[in-house]
Amino acid sequence: MQITITHDRPEGPRSGPIVVGWFLTSDKGAVLFDPPERLVQRPPNRGHAKSAARCPAVVQMESRYFVVKCPYDLHLGFGRDDKGKPHLINRLGAASPVRSGKLNELLTIVNENEWRFPDRPTVQLTLPYCFIADELVYLNQIGTFAHYRSEPLPGTIFGGRFPIDIWPRPLMWAFEWHDTARDIVLKRGEPLFYVQFEGEGPDRPVQVVEVERTEELSGYLEKISGVVNYVNQTFSLFKAAEALRPPALVVTKKR
């Protein structure tokens with residue numbers, strides 16, 4: 001017995017694919033940052049009719065996740081100085097592809113009194129990736145559950161969920177270090193985290209395109225940037241941000 005379910009969606013601004021734009025907040029070193037890619041496993045076994053690679057539920061799920069890759073090779077240890085202050089140790093030393101001075105610009109340990117648990121340091125890697133949409137879309141940032149590591153990371157990443165139509169912001173990789181006796185090893189080109197997008201209508205596919213960093217978009221980002229330093233609950237500013245938002249911000253980049 002076969003069962004087919006069809007969803008009829010009326011034509012209009014909320015029909016068709018959900019268009020999500022991505023851009024880099026800065027052109028500095030842009031060649032390092034690969035475009036987000038749809039989650040696709042290596043060529044799987046499709047020869048058998050019952051292969052998981054042909055399961056519509058699996059295909060649907062994987063098609064809705066996008067991969068952001070790591071732009072750097074990093075090997076980090078955890079330590080404390082003679083005053084007990086936590087700090088990062090660059091295990092690669094002089095062999096590190098990233099100069100020590102630049103490493104301090106990319107990576108930070110959150111102030112110890114802000115850690116979620118007193119025995120789990122929080123490390124943040126700054127990134128220029130930003131996503132935007134011209135309709136209601138929530139971004140979910142999650143760990144790389146489909147990527148196998150022979151040496152698992154010694155902790156977990158902080159996920160997050162927020163509306164990118166009114167609150168576009170640069171993403172970061174935030175890591176909660178459970179086992180500080182083990183190092184963090186990240187390799188350039190490997191999946192760093194996944195993003196998933198929720199819009200109106202769970203049946204609508206998602207299309208991710210690179211967009212122009214227009215004056216309107218840059219101006220809007222300026223209006224909402226840095227406010228986390230001044231208020232505790234940034235989500236309380238959504239209505240105010242929506243009132244400042246231009247009608248359209250997604251302008252597909254021409255190649």
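Side chains included, hydrogens not; waters and symmetry mates left out as well; all remaining heavy atoms used.
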So, for [X] and [Y], which heavy atoms are closest and what is the spacing to 0.1 Å?
X: P86; Y: R80; value: CD-NH1, 3.6 Å
X: T25; Y: C130; value: CG2-CB, 4.0 Å
X: R91; Y: L76; value: CG-C, 4.1 Å
X: D183; Y: G77; value: OD1-CA, 3.5 Å
X: K69; Y: Y129; value: O-OH, 4.4 Å
X: V98; Y: L103; value: CG1-N, 3.9 Å

Donor-acceptor pair, side chain of [X] and main chain of [Y], under 3.5 angstrom:
X: D134; Y: V250; result: yes
X: S26; Y: K28; result: yes
X: Y220; Y: I166; result: yes
X: T214; Y: L217; result: yes
X: N111; Y: E114; result: no
X: R120; Y: H178; result: no
X: S96; Y: G93; result: no
X: Q141; Y: M172; result: yes

Are [X] and [Y] close enough that some pair of their side-chain heavy atoms sits under 4.5 Å apart?
X: L139; Y: E198; answer: no
X: L127; Y: F193; answer: yes
X: Q124; Y: V110; answer: yes
X: L107; Y: V123; answer: yes
X: V208; Y: V19; answer: no
X: P128; Y: P170; answer: no
X: T180; Y: P121; answer: yes
X: T122; Y: F158; answer: yes

**OP:** Inspect the surroundings of CD in E215 and state if more than 12 heavy atoms from other residues, nucleotides or ligands are less than 6.0 Å away.
**Re:** no
Same cluster or not: are [X] and [Y] linked, directly or through other Ile, Leu, Val, Met, Phe, Trp or Tyr residues, by side-chain heavy atoms under 4.5 angstrom apart?
X: V185; Y: L192; result: no
X: L186; Y: F175; result: yes
X: L24; Y: I224; result: yes
X: L74; Y: L106; result: yes
X: I109; Y: I89; result: no

Would you check if the distance from the ring center of [X] to the ring center of [Y] is below 6.0 Å?
X: F197; Y: F131; value: yes
X: Y65; Y: F145; value: yes
X: F78; Y: W177; value: yes
X: W115; Y: F117; value: no

Original post:
R169 and F162: side chain to side chain contact (heavy atoms under 4.5 Å, CB included), yes or no, with the steps?
Top reply: CA-CA 9 Å; R169 48 175 295 216; F162 58 94; 3.6 Å; yes
Rounded to the nearest 0.5 Å, how far does [atom2] of [Y] lie from [atom1] of [X]?
X: N104; Y: R99; atom1: CG; atom2: CZ; value: 14.0 Å
X: L244; Y: L237; atom1: CG; atom2: CG; value: 10.0 Å
X: R64; Y: L39; atom1: CZ; atom2: CG; value: 13.0 Å
X: I164; Y: L249; atom1: CD1; atom2: CG; value: 11.0 Å
X: L125; Y: I157; atom1: CG; atom2: CD1; value: 11.5 Å
X: Q196; Y: R161; atom1: CD; atom2: CZ; value: 10.0 Å

Subject >> No-hydrogen, no-angle side-chain donor-acceptor test under 3.5 Å, H75 and N90 >> reply: no
**OP:** Decide side chain to side chain contact (heavy atoms under 4.5 Å, CB included) for T144 and Y194; before the verdict, give the C-alpha distance in whole Å, the side-chain angles of both, and the deciding distance to 0.1 Å.
**Re:** CA-CA 6 Å; T144 55; Y194 298 155; 3.8 Å; yes
Subject >> Quiz item: cation-pi between R38 and F66, 6.0 Å / 45° >> reply: no
Subject >> Salt bridge flag under 4.0 Å for residues D27 and R213 >> reply: yes
Subject >> Carboxylate-amine/guanidinium contact K85 E112, below 4.0 Å >> reply: no
**OP:** Could you walk me through whether I132 and V211 pass the side chain to side chain contact (heavy atoms under 4.5 Å, CB included) test, one step at a time?
**Re:** CA-CA 9 Å; I132 183 70; V211 297; 4.1 Å; yes
Subject >> side chain to side chain contact (heavy atoms under 4.5 Å, CB included) evaluation trace for F23 with L221 >> reply: CA-CA 12 Å; F23 62 97; L221 291 174; 3.6 Å; yes
